[in-house]
Amino acid sequence: MSGTHSRVRERVDRDDTVVSPSRAKAAQKAIVAWFDRARRDLPWRRTKDPYAVWVSEIMLQQTRVETVIPYFERFMGRFPDVEELARADIADVLLAWSGLGYYRRARGLHAAAREVVSRYGAKFPRTTDELRTLPGVGEYTAGAVASIAFGERAPAIDGNVMRVVGRYIGLRADVGSTEAKRAVRAACEALVPPVRPGDFNEALMELGATVCSPTSPDCPSCPWRRSCRGVELGLDAVAGGPKKRAAVPRVKLIAAIVEREGAVLLARRPLDGLFGGLGEPPLAEGPLPRARTTFARAGIELHGKPGPRSVEHVLTHKVLEVKLATARADAPQSLAPYTDLAYVPRSQLQATPMSTLARRLVRVSFADA
DNA sequence: AACACGGGGCT
DNA sequence: AGCCCAGTGTT
């Protein structure tokens with residue numbers, strides 16, 4: 001008897017994350033109506049130009065709206081259409097990306113622009129399947145561009161949507177789990193309407209960004225408050241789960257600060273990996289004797305001991321601890337893993353692609369100059 | 001499934 | 001001091 005009961009109970013638990021057609025329809029109407037009223041005026045919403053939508057979506061990957069806005073404006077001014085971007089030098093694209101992070105995105109954008117021009121005659125591919133083949137365009141971005149720019153009825157599931165829809169369907173599984181992804185995707189397939197699918201997807205993300213926040217959702221203001229399973233269950237029980245992250249390793253580095261006649265010695269990083277393609281004062285891993293030897297082989301002689309000036313730069317997966325050392329280099333040689341070394345006039349630094357870390361190093365070096 | 005990949009703002 | 005953001009690509 002208890003067996004029968006638990007079997008029924010189990011099926012109910014599984015089924016209640018399924019969104020029925022009638023429930024989907026009500027949900028679509030409510031959230032799009034809310035979006036029409038509450039939508040923020042963002043630069044990339046002033047057009048449905050696929051190129052602009054695409055650029056914005058790439059920039060928005062793992063990056064907040066407020067951070068992206070000025071970069072987007074500058075980028076569109078500098079590269080107004082896909083052909084202009086395809087013609088550009090990668091260094092100019094990286095310069096426009098300097099400080100935004102995840103620099104592989106800039107290389108993907110540039111490579112994809114060239115593909116759009118060469119393979120599609122500068123006309124943007126219109127379907128998720130074609131978009132998906134472009135470098136830097138994954139499942140989310142393909143759905144976002146296809147739905148927003150071309151009206152394809154495709155879901156666009158980002159972190160916001162995982163949380164919002166996870167709560168809406170009363171998902172208990174951790175949002176990072178395969179089970180959660182499957183359930184949210186199924187729900188989204190049922191939810192995305194054939195009419196205005198792009199507005200629906202944007203509405204979902206907008207809701208996550210402004211109302212259904214991770215820690216303190218404003219449920220009374222939510223267009224879905226009446227049918228949200230998460231509210232019924234208590235949001236703490238839904239789509240939660242602590243994500244324990246391993247302690248981030250600390251990496252100790254020495255930066256060789258070499259100045260000669262108003263120019264700074266910069267090294268260019270290899271295209272693959274951290275800060276790919278960007279310039280920076282040459283870095284070598286500590287401890288000091290090893291770094292000194294590494295630099296010496298490249299013709300860079302450290303003056304004294306590194307420090308006391310130093311910079312700590314925090315990344316997602318490691319902390320870079322950089323001590324600064326002045327140095328001289330009359331005939332710099334190659335220095336692994338950098339692709340080249342060159343003196344850059346200080347007046348040219350703002351025109352040189354560099355990471356935020358590299359700019360900090362330069363700024364700290366010449367703070368009192 | 002886990003990890004590399006930036007930077008910043010909020011709690 | 002964590003958390004996590006309009007994620008993607010590699011291993």
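Quick note on labels: first sequence line is chain A, next is B, and so on, each numbered from 1.
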Minimum-distance nucleotide to Met205(A) side chain [options: dT8(C), dG6(B), dA6(C)]: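 Of the candidates, dA6(C) comes closest.
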
Proximal nucleotide (of dG9(C), dG7(B), dA6(C)) relative to the Leu315(A) side chain: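 Taking heavy atoms from C-beta onward, the closest nucleotide is dG7(B).
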
Have a look at [X] and say if it touches a base, only the backbone sugar-phosphate, or nothing, with a 4.0 Å heavy-atom cut-off.
| X | answer |
| --- | --- |
| Arg45(A) | base |
| Arg269(A) | nothing |
| Ser355(A) | sugar-phosphate |
| Leu204(A) | nothing |

So, OP1 or OP2 of dG7(B): does either fall under 4.0 Å of a side-chain N or O from His313(A)?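 It does, given that an N or O in the side chain of His313(A) lies less than 4.0 Å from OP1 or OP2 of dG7(B).
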
Cation-pi check, Arg78(A) onto Phe75(A) ring (under 6.0 Å, within 45° of axis):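 Output no; distance or angle outside limits.
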
If you draw the axis of the six-membered ring of Phe200(A), does the NZ or CZ of Arg153(A) fall within 45° of it and under 6.0 Å from the ring centre? no

Aromatic ring proximity Trp54(A)/Phe124(A), centre distance under 6.0 Å: yes

Within residues 46-76 of chain A, find the residues that approach DNA chain C with a heavy atom at under 4.0 Å, and present them sorted by residue number.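 Heavy-atom contacts with DNA chain C come from Glu57(A), Leu60(A), Gln61(A), Gln62(A), Arg64(A), Val65(A).
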
Per the under-4.0 Å heavy-atom filter, residues of residues 89-112 of chain A near DNA chain C come out as Arg104(A)

